[in-house]
Amino acid sequence: MNIQFFNFWYFLFIFLSAGGFAGLYFLLRRKSQRTVKAVLISLMAFALILHFMKGLFPPYSLDYERHLRDSWFINICGANIALFPFMLISKNKYVKDYMFYIGVISGLLAVCYPIDPILKPDQSAEVIDILRFYLHHNLLWYVPMLMVLLKIHTLDYRRIWATPVIFLLVMLFIMLNQVFQSELGYIGLRGEDIHAIPYVNNSLIWGPDGNFSKLLDWACPDFFKTIPVGPHQGEAKYWPWFWLIVPCFIIVTPICFLMSMIFDHQHFKKDLHTLQENLRKK
């Protein structure tokens, strides 16, 4: 097995991912809401358990330091694996909206852009971890999508404003995970070089780390790209977490709105019609 962009294995895993979703949908579509919810909660609980079990097989079983480091919730998908079971049992509609929008985006993006498996130097030696990767990221979009399709949760475009807020709070959760890792010795402590970060994860908290993520840069105010005070005043450096605030609202909000229109377009049309009628009366 050698997964590369657009080769046989790449499309096979996409096909299997789509097939797994279809299978779950047809299995659950005629079940009671109580049964559906129990199955979805069980799937997310299994994903959380699997997150900690990855230390049992390569590469983590062969690298204890990496296992300790990566068992924390240090990227957006890992954080969602940790939080989704609790969001799912919550009665809060805003966190369930977050589950749908960010879960579907992050899960599908990982499956269609599986950079972690592709960059493995020896994929044949880490087959189990590759399967874990696909299972984890598929569950991130399976569960929220089924939650909406099977009427466990109903989207409302009026609540979209909360998704970027929750997303940023989750980013804070991720950053705290990495700060604790550093302070407790799981990753190296920061040295005298203010620009040297011991371990940069791919959740972009510390700034863009690739060509794709640099698309966010245009929406970040210059103020959040410069050290404001101290001996390094004026030097270029992204403010941790803060640099994401404006790009998050500018980019995430319209994407969530477009996604909501698939399920809530009639509600939007009704509100738009009401607004037009009120404007005419005035």
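Since this is a predicted model, take the numbers as computed values, not measurements. Nothing fancy with the numbering, it's 1 onward along the sequence.
In this structure, the separation between CH2 on Trp141 and CZ on Phe100 is 11.0 Å, given to the nearest 0.5 Å. Taking CD1 of Ile166 as the start and CH2 of Trp161 as the end, the distance is 8.0 Å to the nearest 0.5 Å. How far CG of Leu88 is from OG of Ser42: 9.5 Å, rounded to the nearest 0.5 Å. Taking NE2 from His273 and CG from Asn278, the interatomic distance works out to 9.5 Å, rounded to the nearest 0.5 Å. Put simply, OH on Tyr98 and CD1 on Ile160 are 15.5 Å apart, with the number rounded to the nearest 0.5 Å. Note that the CG atom of Leu279 and the CD atom of Gln276 stand 8.0 Å from one another [nearest 0.5 Å].
No option in Tyr10, Phe5, Phe133 other than Phe5 meets the ring-ring contact (aromatic ring centres under 6.0 Å, His included) test with Tyr113. The side-chain contact (heavy atoms from CB on, under 4.5 Å) test with Met145 singles out one residue from Val143, Val148, Leu149, and that residue is Leu149.
Looking at Lys120 and Asp129, a side-chain N of the basic residue comes within less than 4.0 Å of a carboxylate O on the acidic one, giving a salt bridge. Here Asp217 pairs with Lys225 in a salt bridge; the nearest charged N to carboxylate O distance falls below 4.0 Å.
Counting heavy atoms from C-beta outward, Arg132 and Phe57 have side chains that approach closer than 4.5 Å. Here the side chains of Phe21 and Leu146 are in contact, with some heavy-atom distance below 4.5 Å. Contact check for Gln33 versus Leu150: no side-chain heavy atoms found under the 4.5 Å cut-off. Using a 4.5 Å heavy-atom cutoff, the side chains of Tyr238 and Pro208 are in contact. The shortest side-chain heavy-atom distance between Tyr101 and Leu155 falls under the 4.5 Å cut-off. Looking at heavy atoms from C-beta onward, Ile102 lies in side-chain contact with Val252 at the 4.5 angstrom threshold. Counting only heavy atoms from C-beta outward, the side chains of Lys237 and Thr226 never approach each other to under 4.5 Å. When side chains are defined from C-beta on, Val36 does not count as touching Lys151, because their heavy atoms never get closer than 4.5 Å.
Between Gln178 and Trp206, the side chains place a donor N or O and an acceptor N or O closer than 3.5 Å (distance only, hydrogens not considered). Judged purely by distance below 3.5 Å, without hydrogens or angles, the side chains of Thr163 and Asp97 never pair a donor atom with an acceptor atom.
Checking side-chain atoms of Asn80 against main-chain N and O of Ile76 turns up a donor-acceptor pair under 3.5 Å. In this structure, the side chain of Gln181 engages the main chain of Arg69 through a donor-acceptor pair within 3.5 Å. A donor-acceptor pair is defined here as one N or O able to donate and one able to accept, closer than 3.5 Å; no such pair exists between the side chain of Asp264 and the backbone of Ser260. When atom types are taken as modelled, the side chain of Thr35 and the backbone of Lys31 share no donor-acceptor pair closer than 3.5 angstrom. Put simply, the side chain of Glu65 never gets that close to the backbone of Tyr186: no donor and acceptor are under 3.5 Å apart. At distances below 3.5 Å, not a single donor-acceptor pair connects side-chain atoms of His51 with backbone N or O atoms of Ala82. Remark: side-chain polar atoms of Gln233 are paired, donor with acceptor, to backbone N or O of Pro228 under 3.5 angstrom. Here the side chain of Tyr142 pairs no donor or acceptor atom with the backbone of Leu135 at under 3.5 angstrom.
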For a side-chain contact (heavy atoms from CB on, under 4.5 Å) check, start with the C-alpha distance between Leu216 and Ile250, then their side-chain angles and the critical distance, and finish with the verdict. CA-CA 9 Å; Leu216 303 174; Ile250 290 177; over 6 Å; no
Would Asn2 and Gln4 satisfy side-chain hydrogen bond (donor to acceptor under 3.5 Å, both in side chains), going step by step from the backbone distance to the final call? CA-CA 6 Å; Asn2 182 25; Gln4 298 297 326; 3.2 Å; yes
Would Trp72 and Leu184 satisfy side-chain contact (heavy atoms from CB on, under 4.5 Å), going step by step from the backbone distance to the final call? CA-CA 12 Å; Trp72 291 63; Leu184 297 176; 4.0 Å; yes
What verdict does the side-chain contact (heavy atoms from CB on, under 4.5 Å) test give for His137 and Cys77, after you've listed the backbone C-alpha separation in whole Å, the side-chain angles of each residue and the deciding distance to 0.1 Å? CA-CA 7 Å; His137 291 91; Cys77 291; 3.4 Å; yes
Before giving the answer on side-chain contact (heavy atoms from CB on, under 4.5 Å), spell out for Asp271 and Arg158 the whole-Å C-alpha distance, their side-chain angles and the decisive distance to 0.1 Å. CA-CA 10 Å; Asp271 284 353; Arg158 294 179 178 180; 2.7 Å; yes
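When all heavy atoms are compared, the tightest approach of Ala47 to Leu139 is CB-CD1, 3.8 Å. Nearest approach of Ile255 to Ile251, heavy atoms of both residues: CG1-O, 3.3 Å. Across all non-hydrogen atoms, the minimal contact from Pro240 to Met175 is CB-SD, 4.0 Å. In plain terms, the two heavy atoms of Pro114 and Pro117 that are nearest each other are O-CD, 3.0 Å. When all heavy atoms of Ile81 and Met44 are compared, the closest pair comes out as CD1-CE, 4.3 Å. When every heavy atom of Asp70 is checked against every heavy atom of Tyr60, the shortest pair comes out as OD2-CE2, 3.5 Å.
Aromatic pair Phe52/Phe73: ring centres closer than 6.0 Å.
Atom NE2 of His195 has more than 12 heavy atoms from other residues, nucleotides or ligands within 6.0 Å. At most 12 heavy atoms of other shown residues, nucleotides or ligands fall within 6.0 angstrom of atom CE in Met53.
Taking the ring pair (Phe, Tyr, Trp, His ring centres under 6.0 Å) definition, one finds that Phe173 meets it with nothing, sequence neighbours left out.
Ring orientation note: the planes of Trp239 and Phe223 are tilted relative to one another, at an angle of 30° to 60°.
Cluster membership for Phe86 and Leu140, using ILVMFWY side-chain heavy atoms within less than 4.5 angstrom, is not shared. Leu172 and Val170 fall within the same hydrophobic cluster, where Ile, Leu, Val, Met, Phe, Trp and Tyr residues are linked whenever their side-chain heavy atoms come under 4.5 Å apart, directly or through other members. Linking Ile, Leu, Val, Met, Phe, Trp and Tyr residues whenever their side-chain heavy atoms come within less than 4.5 Å places Phe8 and Met1 in a single cluster. Residues Leu56 and Leu62 are members of separate hydrophobic clusters, defined by side-chain heavy-atom contacts under 4.5 angstrom among Ile, Leu, Val, Met, Phe, Trp and Tyr. By the rule that hydrophobic residues join a cluster once side-chain heavy atoms approach within less than 4.5 Å of another member, Phe26 and Ile152 end up as members of one cluster.
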